[in-house]
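Each chain gets a letter, A, B and so on, in the order its sequence line appears, and its residues count up from 1.
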Amino acid sequence: MQDNIVVIKNAKKTFHVKSSDGSRKLLHAVNNVSLEIKKGEVVFVIGPSGSGKSTLLRCVNRLETLTSGEILVDNKSVTHPESDIREIREEVGMVFQQFNLFPHLTVLKNITLSPITVKKISREEAEKNAIALLKRVGLEEKKDAFPEELSGGQQQRVAIARSLAMNPKVMLFDEPTSALDPEMVKEVLDVMLDLAKEGMTMMIVSHEMGFARNAADTIILMDNGEIVEKGTPDQIFNNSTEERTRQFLKHVL
Amino acid sequence: MAEIKRNTNKIEISDGLLIPDRNENGLFSAWRISFFGALLILLGLIVFSPEPYFEIIKFIPDGLFNTFLVTISSIFFAMIIGLFTGLGRISRNPLINGIANIYVEVIRGIPLLVQLFYIYYALGKFIQVPSIIAAIIAMAVCYGAYIGEIFRAGIASISKGQMEAALSLGLSRPQAIRKIIIPQTLKVVLPPLGNEFIALLKDSSLVSILAVADILRRGREFASNSFQYFETYTLIALIYLVLTLFLSRMVGIMEERMKNAR
């Protein structure tokens with residue numbers, strides 16, 4: 001139990017949606033999901049769109065609030081209304097599909113903003129760390145560029161470096177390569193693979209099946225807000241016991 | 001919630017819109033004709049017919065000063081009020097949100113002229129302030145509501161991913177607003193704010209009704225002494241026209257620069 005860094009217990013997220021005829025209905029985006037992620041584990045969440053995988057991921061750092069259930073990160077409750085969510089968010093890095101770099105700041109300032117503002121680290125130290133991180137993602141020479149001057153793949157690598165600057169214990173990836181041109185996918189996946197090898201705990205929502213097969217410790221298939229199947233890549237891709245999993249994989253592979 | 005998605009890698013090449021581009025008219029654009037036309041007529045009148053036009057010009061400068069004083073002070077305070085109103089309108093606190101919304105609804109529903117009368121004459125029953133102060137307060141309160149709307153729209157145009165990214169990096173909401181949302185909003189709202197400035201310059205002529213000695217008021221004084229209404233008001237119209245056309249050009253250039261900087 002101690003080495004579980006993310007614990008999700010009976011998570012439920014319900015949205016009230018207005019349908020086109022004006023009637024309101026409940027949408028169970030995440031329905032009774034329980035999941036444990038060990039330190040250093042790389043978990044892929046796959047499934048058809050609308051299956052609730054992004055919502056589940058966004059609940060882990062409370063960008064969405066759970067309707068019921070509980071989520072613990074490093075034994076601290078994310079979902080308890082009185083817990084200091086900022087303290088938890090410092091430990092949870094998040095990488096978005098649309099990168100979400102700050103367009104008015106240079107690459108270097110994008111990375112140093114949070115360490116300086118939140119962690120109160122000195123500017124010199126923050127910049128030193130930032131340059132080391134940029135080196136790690138291979139973009140050292142772009143430190144003074146603005147986000148719009150970078151390609152999508154480069155922006156996403158900066159976004160990863162920006163999250164790493166907070167020394168997170170877990171990294172969440174919300175479809176990190178879905179908005180990229182095909183030839184830029186690999187450079188981002190390479191960075192992620194390095195991270196995984198270095199022992200970073202990662203929860204990844206992705207459609208990159210090949211990458212999932214190589215990098216994942218665990219793969220989770222979600223459908224209709226529920227976990228359909230959970231297993232190693234070998235179990236999921238080659239020996240799936242669930243008809244729904246085989247059906248999904250047949251369409252995407 | 002609609003979201004604007006920018007794809008910086010996509011290059012669009014096309015023949016463009018079917019509506020003629022502003023710049024296609026070249027040397028004879030409407031702006032050039034109006035601006036230089038007005039300027040030439042203004043100078044021509046002063047040079048070739050100094051009596052009475054040069055007399056009027058000599059009479060007006062302190063009016064010009066008051067017009068600028070009212071305009072610049074009002075826009076300054078209106079921008080501060082507007083920024084807080086805009087933030088209030090996106091606030092999650094129902095009280096702040098309610099106050100901001102009601103302020104905008106009420107102020108936008110009352111004509112500026114009535115507001116001027118109200119603050120100077122009606123509220124004058126309780127506190128007497130010099131007319132120029134009353135004028136600045138009324139203009140700032142009125143334009144604060146409109147500028148609040150500009151800020152609200154500007155903030156809403158920033159993709160919600162910016163706030164999410166800032167929050168997931170551990171920033172508090174106020175920090176995210178100060179460091180991420182407002183700097184980007186300022187860039188977006190600068191051109192519409194410029195237009196508000198021009199509108200305010202024109203509307204500042206209303207303060208002459210409170211006996212503030214602005215351009216229009218000084219003109220009226222000159223005309224009622226000399227009975228040269230046509231000459232005086234022609235000159236005043238030309239001065240306003242040259243000023244606003246010049247400023248609108250500045251706003252246009254600023255807008256162009258912003259577009260290229262993106």
Quick check: does any side chain N or O of Q162(B) sit under 3.5 Å from a backbone N or O of L101(A), one acting as donor and the other as acceptor?
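Flag set: sc Q162(B) to bb L101(A) pair under 3.5 Å.
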Taking the side chain from R86(A) and the backbone from G170(B), do they hold a donor-acceptor pair closer than 3.5 Å?
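Yes, R86(A) side chain to G170(B) backbone: donor-acceptor pair under 3.5 Å.
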For [X], does the [atom1] atom sit with more than 12 other heavy atoms under 6.0 Å from it, leaving out its own atoms?
X	atom1	answer
F65(B)	CZ	no
Y240(B)	OH	yes
K135(A)	NZ	no

Enter the distance from [X]:[atom1] to [Y]:[atom2] here, rounded to the nearest 0.5 Å.
X	Y	atom1	atom2	value
N100(A)	M163(B)	CG	CE	12.5 Å
Q184(B)	L105(A)	CD	CG	8.0 Å
I180(B)	L113(A)	CD1	CG	5.0 Å

Are the side chains of E164(B) and M94(A) in touch, meaning some heavy atoms are under 4.5 Å apart?
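Sidechains of M94(A) and E164(B): no contact.
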With the side chain counted from C-beta on, respond yes when F96(A) and S168(B) share a heavy-atom pair under 4.5 Å apart, and no when they do not.
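Side chain of F96(A) against side chain of S168(B), heavy atoms only: contact under 4.5 Å found.
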Residue part contacting chain B, namely of R162(A), when any heavy atom lies under 4.5 Å:
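Both backbone and side chain of R162(A) come within 4.5 Å of chain B.
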Which pair of non-hydrogen atoms, one from F102(A) and one from A165(B), has the smallest distance, and what is that distance?
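For F102(A) versus A165(B), the nearest heavy atoms are CE2-CB, 4.0 Å.
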List the residues meeting salt bridge (charged side-chain N to carboxylate O under 4.0 Å, His left out) with E198(A), not counting sequence neighbours, and say none if there are none.
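For E198(A), the residues satisfying salt bridge (charged side-chain N to carboxylate O under 4.0 Å, His left out) (neighbours in sequence not counted) are R136(A).
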For chain B, which residues from residues 114-131 of chain A have at least one heavy atom closer than 4.5 Å to it?
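Listed by number, the contacting residues are S114(A), T117(A), V118(A).
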